[in-house]
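Following: one structure in structure tokens, then a few remarks.
The model shown is predicted, which means the values in this text are computed figures rather than measured ones. Chain A is the first sequence line, chain B the second, and so forth, proteins listed ahead of strands; every chain is numbered from 1.
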2 protein chains.
Amino acid sequence: MYNAVTDSFVDPQQKKSGCITCSFRELCLPVGLTDPEIEHLGNLIRHKFKVRRGEYLSHAGADFKSLYAVKNGFFKTCILKVDGHQQVTGFYMTGELLGLDAISPEKHTCDTIALVDSEVCEVPFKKLEEIGHSIPSLLRQFHKIMSREIVQDRNIMVLLGSMRAEERLAAFLLNLSTRLSRRGYSPTNFILRATREDIGSYLGLKLETVSRAFSKLQEEGLISVNIKHVTLRDIDKLNFRIGNSAE
Amino acid sequence: MYNAVTDSFVDPQQKKSGCITCSFRELCLPVGLTDPEIEHLGNLIRHKFKVRRGEYLSHAGADFKSLYAVKNGFFKTCILKVDGHQQVTGFYMTGELLGLDAISPEKHTCDTIALVDSEVCEVPFKKLEEIGHSIPSLLRQFHKIMSREIVQDRNIMVLLGSMRAEERLAAFLLNLSTRLSRRGYSPTNFILRATREDIGSYLGLKLETVSRAFSKLQEEGLISVNIKHVTLRDIDKLNFRIGNSAE
DNA sequence: CGTAACCTTGACAGACTTCAAGGTACGTGG
DNA sequence: CCACGTACCTTGAAGTCTGTCAAGGTTACG
């Protein structure tokens with residue numbers, strides 16, 4: 001079956017690598033490491049495993065030992081609120097790094113759940129720091145990844161703080177589009193792995209509002225949507241929509 | 001004049017230090033560095049300067065070279081949105097570290113503005129990374145600070161995503177309270193340095209709504225408020241209020 | 001002392017949520 | 001292979017919270 005998030009295309013970068021640390025290339029590649037160095041990393045970060053759809057990769061409150069690089073698949077992270085409801089705090093796809101929030105408290109602060117059958121590489125944090133001491137460029141790259149996480153969260157804060165429902169959804173779809181295209185997938189045609197409820201939780205909306213926003217954007221011709229299959233029809237107008245959110 | 005954020009009490013930790021890197025203790029102290037090591041750091045991170053109320057510490061778009069540790073004072077960071085309005089993305093007080101968002105893009109992503117006359121220590125990022133290589137515990141501490149920033153942002157995301165106006169304000173006040181008490185200030189009695197508009201922007205509310213929320217919490221006896229002077233009267237009930245936000 | 005910035009409160013409007021009903025897709029078991 | 005059940009999605013109508021607009025009051029600073 002067609003699946004833009006995991007199966008539709010083969011990630012070219014992963015093809016090249018061909019090693020156990022494929023998704024770890026997110027850290028390695030932009031650093032300009034030599035192949036032996038990557039090999040070195042690969043040996044230290046050996047543990048790789050599958051997480052089936054619906055399974056937990058980590059639980060809130062569990063001790064923190066490792067980060068997880070998504071080799072392939074799609075995850076959501078969510079916080080269990082006092083009232084018993086969950087709130088989704090992020091979505092993670094191939095090549096992204098899970099668990100950065102857990103470094104400080106040394107406990108996982110959220111549940112991490114696979115939305116499709118996925119594979120992750122375990123990255124023992126202590127080892128990462130050790131290696132960092134001998135490969136400064138890797139450390140720098142790690143810092144950039146953490147910083148990028150902060151920037152991403154700030155963007156969501158702006159979204160939650162000042163955008164209306166349709167703008168939020170447009171911003172969310174464009175964000176997915178960018179991240180997918182960076183990985184070699186189609187930027188305009190993809191399958192949502194999250195439910196309307198998950199998306200709503202992430203965007204600070206109720207599932208009905210998300211559904212209505214999808215319908216509205218479709219009416220306006222900016223997207224086509226058929227349940228989980230989304231096509232972006234006019235990226236410029238979608239971008240324009242975000243710029244003109246609630247003043 | 002009485003000023004809980006900057007002047008009302010003397011931060012005991014800062015008194016002990018007495019060196020140019022005072023606020024850098026946020027990084028140093030929990031690490032258990034020896035005094036000579038701290039001295040070493042102090043020599044590398046020499047540049048310290050004042051920022052007057054209303055002045056910019058950094059502008060969005062400017063090249064990133066340094067982090068800034070707040071020696072004393074109070075800052076807001078804000079993003080200029082496409083529509084020309086600003087959104088406040090964070091408040092920073094004594095001992096906190098500014099500029100973590102800029103590491104990845106190597107540009108500042110937000111404006112940083114002093115809300116009171118303040119002092120900061122400039123921390124050249126390259127030097128910080130260099131020193132990190134020889135003092136692993138310092139590096140670890142730096143990672144924790146970045147991680148804490150992520151956790152803080154996640155908390156705001158949850159707040160923006162699911163709390164009502166009064167809950168948001170209660171959460172904000174309790175957050176300030178915690179951070180102030182950690183620095184030796186009164187947890188129940190403090191001066192807000194931000195305007196209603198700034199607070200509203202941070203909490204995703206309009207200034208009128210913030211004002212009404214203050215009044216409501218006061219009516220209910222949870223706080224006393226006189227413009228910028230706030231007293232928390234019932235911290236337990238304030239906490240309870242957050243737990244019982246929109247289901 | 002006067003002006004500008006900031007805060008408070010009211011009335012009304014708008015956006016999102018809530019409640020409800022019905023439809024669609026997917027997977028499991030017969 | 002089909003039937004059925006569950007989970008998910010869509011749409012409508014009514015209600016609630018926050019935003020908007022407006023007026024007046026207070027504070028701070030030159």
Ser211(A) side-chain N/O to dC9(D) phosphate OP1/OP2 under 4.0 Å: no
From dC6(C), dT17(C), dT8(C), nucleotide with atom closest to Leu205(A) side chain: dT17(C)
Which residue lies more 5' along DNA chain C, comparing Glu208(B) with Glu166(A) via nearest heavy atoms: Glu208(B)
Arg196(B) (side chain) and dT27(D) (base): donor-acceptor pair under 3.5 Å: no
Which residue lies more 5' along DNA chain D, comparing Gly161(A) with Ala194(A) via nearest heavy atoms: Ala194(A)
Sugar-phosphate only, base, or nothing, as touched by Gly204(B) at under 4.0 Å among non-hydrogen atoms: sugar-phosphate
Along DNA chain D (nearest heavy atom to each residue), the more 5'-positioned of Arg53(B) and Arg168(B): Arg168(B)
Check: Phe172(B) ring centroid to Phe91(B) ring centroid under 6.0 Å: yes
Distance, rounded to the nearest Å, where His229(A) contributes NE2 and dC9(D) contributes C1': 17 Å
Parallel, tilted or perpendicular: ring planes of Tyr56(B) versus His59(B), cut at 30 and 60 degrees: parallel
Arg212(B) bridged to Glu166(B) by N-O distance under 4.0 Å: no
Glu96(A) and its salt bridge (Lys or Arg N to Asp or Glu O under 4.0 Å) partner, picked from Lys71(A), Arg179(A), Arg148(A), Lys76(A): Arg179(A)
Between C1' of dT18(D) and CE of Met163(A), the distance in whole Å: 19 Å
Sugar-phosphate, base or nothing in reach of Thr195(A), heavy atoms under 4.0 Å: sugar-phosphate
Gap between atoms CD and C1', on Glu219(A) and dT10(D) respectively (whole Å): 12 Å
Distance in angstrom units between Ile227(A) CD1 and dA25(C) P, rounded: 6 Å
Closest to the Ser215(A) side chain, choosing from dG19(D), dA25(C), dT11(D): dT11(D)
Min side-chain heavy-atom separation Thr109(A)-Arg154(B) under 4.5 Å: no
Protein-nucleotide distance (Lys216(B), atom NZ; dC7(C), atom C1'), rounded to Å: 19 Å
Side chain proximity check, Val70(A) to Leu98(A), heavy atoms < 4.5 angstrom: yes
base_contact_polar (dG12(D) base, Arg212(A) side chain, donor-acceptor, <3.5 Å): yes
Selection from dT11(D), dT18(D), dT20(D) that lies nearest to any side-chain heavy atom of Arg164(B): dT18(D)
Whole-Å distance separating the CD atom of Gln218(B) from the C1' atom of dT8(C): 12 Å
Sugar-phosphate, base or nothing in reach of Lys228(A), heavy atoms under 4.0 Å: sugar-phosphate
Nearest-Å distance for atom pair CG/C1', residues Asn226(A) and dT10(D): 12 Å
Nucleotide nearest Ala165(A) (side chain, heavy atoms from C-beta), chosen from dC8(D), dC16(C), dT8(C): dC16(C)
Between dT10(D) (P) and Ile199(A) (CD1): distance, integer Å: 10 Å
